[in-house]
Amino acid sequence: MTEIKSELNSELSTELSSITISTSSSAEVAADVRFADFGLSDDILRALSDQGYVHPTPIQAAAIPVVLEGRDVMGAAQTGTGKTAGFSLPIIQLLLAHANASASPARHPVRALILTPTRELADQVAENVKAYCKHTPLRSLVVFGGVDIAPQTAALRAGVEIVIATPGRLLDHVQQKTINLSQVQILVMDEADRMLDMGFLPDLQRIINLLPKARQSLMFSATFSQEIKKLAATFLRNPLTIEVARSNATAENVTQILYQVQEEEKRDAVSFIIRERNLKQVIVFSNTKIGTSRLAVHLVKTGVKAAAIHGDKTQQERMAALESFKRGEIEVLVATDVAARGLDIAELPCVINFDLPYNAEDYVHRIGRTGRAGATGDAISLFTEKDERLLADIEKLIKQKIVRLHLAGFVATKLEPHGLREPRSSGARSSSSGSAEVKNDRRVAPRSYASTPKIDPWFLQPYQPTASTLPVAEKPSVTSSSGKPAKRAALLGGFSKS
DNA sequence: AAAAAAT
């Protein structure tokens, strides 16, 4: 079960400086601890019991009392550990407890600010916060770009205590003077490592400069690089470090698999794996927006219910894709790293890396999409000869070798007897070397790519299964899945612990 | 190298 070790600070201080939580499963609940033990208000407990939550996860059990004390926290926790509740529950409690502490001119000044790197993550954290606040008078608002700013401005004018935001739109509101951050008592930087990767440091700096110096700050990061430690030293005051599992560790309940294939085999390999394993809920990661869209189109053509999600899609398309995936209407979500972190999709049994990520840390985040909340999962990665360096970086980061397997059955069916790499349906292709064939493949794409990168030529129509697109082997499972939507909706659309 | 994020 959960073991909490505490280390004492340096010789002069007996103050706790770090808590390390070692547990077989980071999301496993502590059966001997209850949310009711933390002195949270009845309104919060009622919201929790509405969702059927009684016992905290280890990071929640460690973080809630510390945040309630008012201490700064550096949390090294992966997604799926219940970290969102770990910070939002005590924040709500603190705001409730000190309701009349500051006599400010504004009736409802922003008192807690939660920053996230992506819009989807902001939306998701906001949904959780809103649910936890359900029975309290506290109001929360999510603020991000890509959507109409007017409703956000109106809500801010009416007054909200808790703002969940991505940095860009938040600064937009600051410039327009539609938000006042001078009363913020608690700051949360969620997925801080991601925010650094994305070059948010200057924005972060500008936002923090607008906050009161006397405030509580919490920072969460799945990985714990030197840069993150530096950021913590800059923005946190005597923080308590709460570490769940080993830094940069991959979930123990995720089985990692590598398949070496040729570059031009990758699309078919993904189709093959999806069909072979009869996957009904899988995220496939690609490194590029265009590659993501292309792969989704390919999968749809082969009868797989797939949709793409990436940063060049409109916010509506992004949300629609995510929603239909959560509802089970879409079985394969093909994504860039926009979806690598934070998204809480319950019970995802498998993720596939169509490309190995350029950034080794992203590997950890991507495969963290599976094996969540104590469940087991598979992380399957395709790699080609030229990916050896990326692979070495990843294995160095996670401090383990990933087992390399042959994609049994696939090579035999896809490789032609004479060693040609691509199956040919017609003789239309000119006879040329292997690399020229790849170029030929690329020429199939509309030329508008380079000139109009913002317009996605591969915009997907909603999937309509037809007798012709549905492979015979898929039919039974599709039929059986039609009986499942209610159950799946309960699983995926349910309340998030993260 | 690429993606993300304000317009």
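Quick note: numbers below take in every heavy atom, side chains included, and nothing from hydrogens, waters or symmetry partners.
Here A:Asp203 pairs with A:Arg206 under the side-chain hydrogen bond (donor to acceptor under 3.5 Å, both in side chains) rule; sequence neighbours left out.
In this structure, CG of A:Leu115 is placed 15 Å from C1' of B:dA6, rounded to the nearest angstrom. Atom CD in A:Gln315 sits roughly 12 Å away from atom C1' in B:dA4 (whole-Å rounding). In this structure, CG of A:Asp123 is placed 12 Å from P of B:dA5, rounded to the nearest angstrom. Regarding A:Arg119, its CZ atom lies at a distance of 5 Å from the P atom of B:dA6, rounded to whole Å. A straight line from CD of A:Glu120 to C1' of B:dA3 spans 13 Å, rounded to a whole angstrom. Distance CG (A:Asn287) to C1' (B:dA4): 14 Å, rounded to an integer number of Å. Atom CD1 of A:Ile207 is separated from atom P of B:dA5 by 14 Å (rounded to the nearest Å). Distance, A:Gln176 CD to B:dT7 P: 10 Å, rounded to whole Å.
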Run A:Glu323 and A:Arg318 through salt bridge (charged side-chain N to carboxylate O under 4.0 Å, His left out) and show every step you take.
CA-CA 9 Å; A:Glu323 275 313 302; A:Arg318 284 164 61 165; over 6 Å; no
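Nucleic acid contact for A:Arg389: none, since no nucleic acid atom lies under 4.0 Å from a heavy atom of the residue. Residue contacts for A:Gly146: at a heavy-atom cut-off of 4.0 Å it reaches the sugar-phosphate backbone alone, with no base atom in range. In this structure, A:Asp172 reaches the bases: a heavy-atom distance under 4.0 Å links it to at least one base atom across the strands shown.
For B:dA5, the OP1/OP2 oxygens have no side-chain nitrogen or oxygen of A:Arg194 closer than 4.0 Å. For B:dA5, neither phosphate oxygen OP1 nor OP2 lies less than 4.0 angstrom from any side-chain nitrogen or oxygen of A:Thr118.
A salt bridge does not link A:Glu395 with A:Arg389: every distance from a Lys NZ or Arg NE/NH1/NH2 to an Asp or Glu carboxylate oxygen is 4.0 Å or more.
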List the atom pairs, donor and acceptor, that lie under 3.5 Å between side-chain atoms in residues 153-160 of chain A and the rest of the protein, sequence neighbours left out.
from: A:Thr153; atom 1: OG1; to: A:Ile149; atom 2: O; distance (Å): 3.1

